2 protein chains.
Amino acid sequence: MATPTLQRSTAQAIREEAARLFFQRGYDATTLRQVAAAVGLKVGSLYNHIDSKEDLLLQVMGGIIDDLLELQQEALNREGDVIEKLRAVLDCHIRFHAERAQEVFIGNAELRSLPAEARGLVVDKRSRYEQIIQSLIEDAGEAGLASVLDARIHTYSFVAQATHIAGWFKPEGRMTLDELVAMYTKFALRELKVADADERVDRREA
Amino acid sequence: MATPTLQRSTAQAIREEAARLFFQRGYDATTLRQVAAAVGLKVGSLYNHIDSKEDLLLQVMGGIIDDLLELQQEALNREGDVIEKLRAVLDCHIRFHAERAQEVFIGNAELRSLPAEARGLVVDKRSRYEQIIQSLIEDAGEAGLASVLDARIHTYSFVAQATHIAGWFKPEGRMTLDELVAMYTKFALRELKVADADERVDRREA
DNA sequence: GTCTATATTGCGATAGAC
DNA sequence: GTCTATCGCAATATAGAC
């Protein structure tokens, strides 16, 4: 580790406050003056840590989609039948969107604020991510373990729910993270008419 | 009718082009110069038709939530058991979000761009709208016709899916509007473990 | 690294001629 | 109603002193 200090660096503070403001007001509506004020700096000083406002947005979005893809791959290695793999992937899917709600929300809402080439890269990665889910759904259907109406639209359904969660979930709220994950995973398996959908999920809660 | 002409008025053209641009690039990132250019006007001329940029956003959002509430009330008058009412409300819910996708999308994404008091009004109406759905879900559960895990979160689930649809649905796409509505309604009834969920929906497709 | 300027740009909105 | 021209302002970004 290069910086073993417990103090967050100024650069880190800028990213965090920017994330908070981008989440709250949107990227376009957030001014660098507001970011600077939140950190306790003047606007000019920001430029010792960022190249531009767009660069700051990129920093905030960071490797969030890479992190998500990585965790999805881990989940895919779960042992068990295709439903167990799907359940693990959905667990990861929901958990990630709730745990890192603000970043995820910004990553979705401000996709169009990204420069075209960066946006293209992210879109491709999102597409690969969704394709994994869709393939699992198709496999489950072909194995006779799920009633698939349209794998693409089921995928949309699961993506929509997670995206929505990223807009409201707070760890200190009515539901714990684990409860949330269990509930939405049940929703998904129910939607696919998986046998013993609820029990499949509850069994994993040990 | 005051204006029985088939030509769209300049004011109407401005609203339509603004909606297209707000949908595409977001409200903050859209300039009035772009709107004017899209209509074939110069910036100054816009002000013969609008009071301000915020006023234009208000015009675009218009009474979309009122329209939605009105249609929901019609659906509620559907004869039949609580599941039939719920099915009708969800049908209306999905259909509306797909048919008026751009307006709905703007109404959601740009809620925070609205002045506080206007935003409060809209939020209250949305809340009432969602409460209707939630109550139907609770009723269905208490009647033993549905397996309700958490009525609020089921409602979130249905709201999330419709919101997502508003971001991608195109009438000329792979699915027809009716197919889309039928599919998502099945998703919802499946999620609630309603008996013969698919058949409930198919029966209505006459 | 911080700050106080300031340059530069482009925005929403207005004035006034036609 | 349209236009051209411009005002006033706030934004991003930079320069240079400390």
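Residue numbers start from 1 in every chain, and the chains themselves are labelled A, B, ... in the order their sequence lines are given, proteins ahead of strands. What you are looking at is a predicted structure, and each value in this text was computed from that prediction instead of being measured.
With sequence neighbours excluded, the residues that form a side chain to side chain contact (heavy atoms under 4.5 Å, CB included) with A/S113 are A/Y27, A/D28, A/L57, A/E110. Listed by chain and residue number, B/R190 satisfy the salt bridge (charged side-chain N to carboxylate O under 4.0 Å, His left out) test with B/D198 (two or more places apart in sequence, or in another chain).
Residue pairs that meet the salt bridge (charged side-chain N to carboxylate O under 4.0 Å, His left out) test with at least one member in residues 43-66 of chain B, sequence neighbours left out, are B/D66-B/K125. Applying the salt bridge (charged side-chain N to carboxylate O under 4.0 Å, His left out) rule to pairs touching residues 158-177 of chain A yields A/R174-B/D150, sequence neighbours excluded.
Atom pair A/L41:CG and C/dT2:C1' shows a separation of 8 Å (rounding to whole Å applied). As rounded to whole Å, 19 Å separates atom P of C/dG1 from atom NZ of A/K42. Computed from coordinates, the A/L46 CG to C/dC3 C1' distance equals 13 Å when rounded to whole Å. Note: CD (B/Q12) to C1' (D/dG1) measures 18 Å, nearest angstrom.
Contacts between residues 17-31 of chain A and DNA chain C, counted as heavy-atom distances below 4.0 Å, involve no residue at all.
Judged purely by distance below 3.5 Å, without hydrogens or angles, the side chains of B/H93 and B/Y184 never pair a donor atom with an acceptor atom. B/Q12 and B/R15 are linked by a side-chain donor-acceptor pair at a separation below 3.5 angstrom, with hydrogens and angles left out of the test.
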Next item on the list: Using a 4.0 Å heavy-atom cut-off, write out nucleotides 13-18 of chain D from 5' to 3' as B (base contacted by protein), S (sugar-phosphate only) or - (no contact).
Entry: BB----

Next item on the list: Could you please spell out the steps behind the side-chain contact (heavy atoms from CB on, under 4.5 Å) verdict for A/Q161 and B/E191?
Entry: CA-CA 13 Å; A/Q161 287 169 339; B/E191 182 179 307; 3.5 Å; yes

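Two residues are said to be in side-chain contact when any heavy atoms from C-beta on lie closer than 4.5 Å; A/Q34 and A/R25 meet this criterion.
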